[in-house]
Amino acid sequence: MRYFIVNLAVHLLVTILFVVLTCIRAGYNRRKKTKHVVTYFFPIAFALVAIVDIVLYTAPRLMDINSLINNNYYYHTGAVEDIGFMKNYFVIDGDYYYINPLRNKLTEGDVVRVKHTPYSLFTVDITTITEAEEPEESDSVTETV
């Protein structure tokens, strides 16, 4: 869970940074100290980046704090379709599940059961499922009357 907390802290800092930059650049515009036309639009760009970071990363992680405290997790089983370039996420049935890249031992095609948080889909535990061998004919059970 340390990775989740560090990841949440980093996204909170990034969001705060872009909100502060938005306020600073808007202050320059209000005081008419903007020297170039392009820099006039920096507050809008910084605000858009902050909004995207809040919607995609920060807010879902903040909503998952309650689930982490109360140990309320969801489970999903499926085959791993794709693994991220930096191994910090993997894809099952089109959903992106985030994982600590230092502990990621998955390969594409593995059938896994994922224990994850409900909003940010941060992975708490992964269990690899092996296909059970089919019983041979001699092991089959027959009914008798």
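Everything quoted here is computed from the prediction, not taken from an experiment.
- No donor-acceptor pair under 3.5 Å is formed between the side chain of Ser67 and the backbone N or O of Thr117.
- In this structure, Arg61 satisfies the cation-pi test against Tyr98, with its NZ or CZ atom closer than 6.0 Å to the six-membered ring centre and inside 45 degrees of the ring normal.
- Clustering ILVMFWY residues whenever any of their side-chain heavy atoms sit less than 4.5 angstrom apart, transitively, puts Val49 in a cluster other than the one holding Leu12.
- Across Glu81 and Ile92, no two heavy atoms sit closer than the pair OE2-C, 4.1 Å.
- Heavy-atom minimum distance, Thr34 versus Tyr40: CG2-N, 3.6 Å.
- Rounded to the nearest 0.5 Å, atoms CG (Asn72) and OH (Tyr74) are 8.0 Å apart.
- Nearest heavy-atom pair across Phe41 and Val37 is CD1-O, 3.6 Å.
- The shortest distance between side-chain heavy atoms of Leu62 and Leu8 falls below 4.5 Å.
- The shortest non-hydrogen separation linking Pro43 to Ala26 is CG-N, 3.6 Å.
- When every heavy atom of Tyr119 is checked against every heavy atom of Pro60, the shortest pair comes out as CB-O, 3.7 Å.
- Atom OH of Tyr3 sits in a crowded spot, with more than 12 heavy atoms from other residues, nucleotides or ligands closer than 6.0 Å.
- Expressed to the nearest 0.5 Å, how far CG of Leu21 lies from CD1 of Ile16 amounts to 12.0 Å.
- Scanning both residues, Lys105 and Leu102, for their nearest heavy atoms gives NZ-O, 3.9 Å.
- Within the 4.5 Å cutoff, the side chain of Leu68 has heavy atoms near those of the Tyr73 side chain.
- By the 4.5 Å heavy-atom criterion applied to side chains, His76 and Leu121 are not counted as neighbours.
- Distance check, rounded to the nearest 0.5 Å: OG1 of Thr127 to CG of Asp110 gives 12.0 Å.
- When only modelled atom types and interatomic distance are considered, Asp53 and Thr15 share a side-chain donor-acceptor pair under 3.5 Å.
- A cation-pi contact links Arg31 to Tyr28, judged by a cut-off of 6.0 Å to the six-membered ring centre and 45° from its axis.
- Here NE2 of His116 is found 10.0 Å from CG of Asp64. Values are rounded to the nearest 0.5 Å.
- Side-chain rings of Tyr97 and Phe90 approach one another, their centers coming within less than 6.0 Å.
- In the hydrophobic cluster analysis, where Ile, Leu, Val, Met, Phe, Trp and Tyr join through side-chain heavy atoms closer than 4.5 angstrom, Ile44 is grouped apart from Val55.
- Going from atom OG1 of Thr128 over to atom CG of Leu106 covers 6.0 Å, rounded to the nearest 0.5 Å.
- Following chains of ILVMFWY side-chain contacts shorter than 4.5 Å, one can reach Ile126 starting from Ile83, so the two form part of one hydrophobic cluster.
- Taken together through direct or relayed side-chain contacts under 4.5 Å among Ile, Leu, Val, Met, Phe, Trp and Tyr, Ile51 and Val19 form parts of separate hydrophobic clusters.
- Note: the hydrophobic cluster containing Tyr57 also contains Tyr89 (ILVMFWY, side chain heavy atoms under 4.5 Å, direct or indirect links).
- Here CD1 of Ile65 is found 8.5 Å from CD1 of Ile5. Values are rounded to the nearest 0.5 Å.
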